[in-house]
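Letters A, B, ... mirror the listed sequences (proteins, then strands); counts begin at 1.
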There are 2 protein chains.
Amino acid sequence: MVSTRSVSESVNGGCVVTIADVARHAGVAPSTVSYVLTGKRSISADTKTRVRESIRELGYQPHASDRVLSTGRTNVIGLVLPLRAGTHLPAVMRFVTAAVTTARRYDMDLLLMTADDGAAGLRRAANSAQVDGFLVMDVEMDDDRVPLLRQLSKPSVLIGHPAAARGLTCVDLDFEAAGAKCVDHLADLGHRSIGFLGAPSAVYRRSTGFAHRTMNGFSAAAMRRGVAATALAVEGDHDSVLRATKALIRAHPSMTALVVHNEAALGWITACLRAAGRQVPGDVAVVAICPDELAEQTSPLLTSVRLPAEELGRHAVDLLVAKLEGKQPPPLMLLPPRLSRRASTPDHAAHRGATG
Amino acid sequence: MVSTRSVSESVNGGCVVTIADVARHAGVAPSTVSYVLTGKRSISADTKTRVRESIRELGYQPHASDRVLSTGRTNVIGLVLPLRAGTHLPAVMRFVTAAVTTARRYDMDLLLMTADDGAAGLRRAANSAQVDGFLVMDVEMDDDRVPLLRQLSKPSVLIGHPAAARGLTCVDLDFEAAGAKCVDHLADLGHRSIGFLGAPSAVYRRSTGFAHRTMNGFSAAAMRRGVAATALAVEGDHDSVLRATKALIRAHPSMTALVVHNEAALGWITACLRAAGRQVPGDVAVVAICPDELAEQTSPLLTSVRLPAEELGRHAVDLLVAKLEGKQPPPLMLLPPRLSRRASTPDHAAHRGATG
DNA sequence: CTGAAAGCGCTAACAC
DNA sequence: GTGTTAGCGCTTTCAG
């Protein structure tokens, strides 16, 4: 199979064709070529066509994508995805999967920008014309990338939303409502003492949006419903879950329900509770906040508030593309939580009727 | 819960801190700062700390697009990942996760190139200097991207390997050996009639490497061991699994074992066999080829040949980086299959001792 | 209208 | 070990 050799291979020993090569070939100065490309000053039609000719003949690529210059678009979406302490990769990958699939429909690719250098990384990517726009994940309540996102010439969509979301486009699950929904469900069943196992502590220390809001929603609802509530952060490993579970029970022996907002911990919850002398759901009812598939892979099946990673990822891309096309989508798309009741929260006979 | 504000606010001052500023502040040469940053030559501990100090104080952030300029490197790896019919996204994402994590250690990002325009897409990406090199997935036995990859000025590593892998760098599980290992395990247990449920038919139609080779290994081993074997492709959905299961049993009522090479199907296998009147493992033993985690999420636990997605992804990045650094890694890294016996293949009493 | 030349911020070959 | 100095490919003055 012989490929049609373009002239580019003869120049520069088969390597990259530079603007200088084009200039030489067209008999003009490099700057002239640059001006033809950028259109930042008027060029005689004659020169212009000659340069264009040389560019084509030499197969010159303006060192980004040829599309960047002709269309101004790279067809690449930057997915800003800091991999910080406590990040649960499988959870994140659900978003990525959804985003990549959706992006595909617009003939776009995804650049996974996993550097955790925050605003600086963003600025760099924005300047380097690598991407047309950004999808930003792992948003904190007071995120230092937010002011920059507002200034940036490139559009962006946040998966999650900071405290001050003005001027941004965000998609998110209503995590406050989600946290509250868990409490309400359990309180309705008669539970008066509810524990909460959350994300790894590092996640709260950063005030990561989803974790922070869920906690808030949980606490507020507990107050409202007058139930005792205690929350603990848990790392992803088995030991941490076991320790947290036992600590919770030691502090509140009367605890009859548990809300879990930690996908990594889900698999161990039942076993750890048993190790602490509690049966699920006999002694302790459990509600998880996680994708439905996860809740259906445990035994017993867990009642859960659905984490619609796929929807969020899809909407985010849709919104970003809309912005790229000059449309002005709504600034905040907040999906309402949906609870699916499963085996882990049966009717709570002991306290039936005690509901305030 | 109040978040601890980090020092990074000084960056927001607006002015860009350059490497020269740092050098001046630390009383060294710009290059020294550069070397401290890159670690490309030894620096006295004293100087190093002084420079680090200045970097922190000034809030210096390396400007990466310029790094690209002077090094010719973008620090982006193109992950060529066609999303074709039959592609099981969760499986693919395991590789992506591993690759992204590993790339991170080299301070590189991943560009998910999901366009399925094969060689053309590759060439475009290669010329436009968007990426430093390629990781190529979903490799077919006779892949039309292979000749191009050989010519390309950018290095590449294939996850999977084509029939003619000369001149390429490939990482792969030894899928032939994997297929064979399943048969051997079952034959050793005395099974004389083994079914095979494979990937979606589209995957075989393309002669996708991993599916093709597994089938080959399976069939060859069955011949060698003198056991009856029948293979069927299955799509990912429940109906297809049910249909295939029933078809298999109708054709070979004496079938006592099943090899499953289809992650999407795994969850339904036991239920479908039961629906067809067969208990696992009482009537039919099952061996899966899948990641260990998956095999341990079913009931009963499945004996499996481990699909080391994480290792493969990690090695692929390691190899690519090695090539980027001018090293010449071995052309083919073929991981040996490892079988973990679990509940789905107990001793096969009925045929004990019948083994040839 | 066009060319020469000075950088952009950073790296790496070359000195000492 | 460290400083000097030339570029990387392109943009953008400043002179024609």
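Considering only side-chain N and O atoms, A:Ser34 lies under 4.0 angstrom from the phosphate OP1 or OP2 of D:dT11. An OP1 or OP2 oxygen of C:dT2 is reached within less than 4.0 angstrom by a side-chain nitrogen or oxygen of A:Ser44. Side-chain nitrogen and oxygen atoms of B:Tyr60 include at least one within less than 4.0 Å of the OP1 or OP2 phosphate oxygen of C:dC10. The phosphate of D:dT2 has OP1 or OP2 within less than 4.0 Å of a side-chain N or O from B:Thr47. The phosphate of C:dG9 has neither OP1 nor OP2 within less than 4.0 Å of any side-chain N or O from B:Ser70.
B:Asp21 has its CG atom 11 Å from the P atom of C:dC8, to the nearest Å. Taking atom CZ of residue B:Arg50 and atom P of nucleotide D:dG1, one finds them 14 Å apart after rounding to whole Å. Rounded to whole Å, the distance from CZ on A:Arg24 to C1' on C:dA4 is 15 Å. Rounded to whole angstrom, the span from the NZ atom of B:Lys48 across to the C1' atom of D:dT2 amounts to 14 Å. Nucleotide C:dC10 holds its C1' atom 10 Å from the CG atom of B:Leu37, rounded to whole Å. Distance CD1 (B:Ile19) to P (D:dT5): 17 Å, rounded to an integer number of Å.
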message = Before you tell me yes or no, could you show the steps for A:Leu320 and A:Ile77 under side chain to side chain contact (heavy atoms under 4.5 Å, CB included), namely the whole-Å CA-CA distance, both residues' side-chain angles and the distance that decides it to 0.1 Å?
response = CA-CA 9 Å; A:Leu320 184 59; A:Ile77 295 174; 3.5 Å; yes
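Among B:Leu324, B:Thr169, B:Ile159, B:Leu135, the single residue meeting the side-chain contact (heavy atoms from CB on, under 4.5 Å) criterion with B:Leu319 is B:Thr169.
At most 12 non-hydrogen atoms from other residues, nucleotides or ligands lie less than 6.0 angstrom from CZ of A:Arg56.
Taking only distance into account, the side chain of B:Thr38 never meets the base of C:dA12 through a donor-acceptor pair shorter than 3.5 Å. With hydrogens and angles ignored, a donor-acceptor pair under 3.5 angstrom links the side chain of A:Arg41 to the base of C:dG3.
Comparing A:Lys40 and B:Thr71 by the nucleotide of DNA chain D whose heavy atom lies nearest to each, the residue mapping closer to the 5' end is B:Thr71.
Side-chain atoms of B:Ser34 and B:Ser31 form no donor-acceptor pair, as typed in the model, at a separation below 3.5 Å. Donor-acceptor pairing under 3.5 Å is lacking for the side chains of A:Tyr106 and A:Asn75.
Ranking C:dG9, C:dT2, C:dG3 by closeness to the A:Val28 side chain, first place goes to C:dG3. The side chain of A:Thr18 sits closest to D:dC10 out of D:dT2, D:dC10, D:dT5. Checked against C:dA12, C:dT11, C:dA5, the side chain of A:Ser31 finds its nearest nucleotide in C:dA5.
Here A:Ile43 lies in heavy-atom contact (under 4.0 Å) with sugar-phosphate atoms only.
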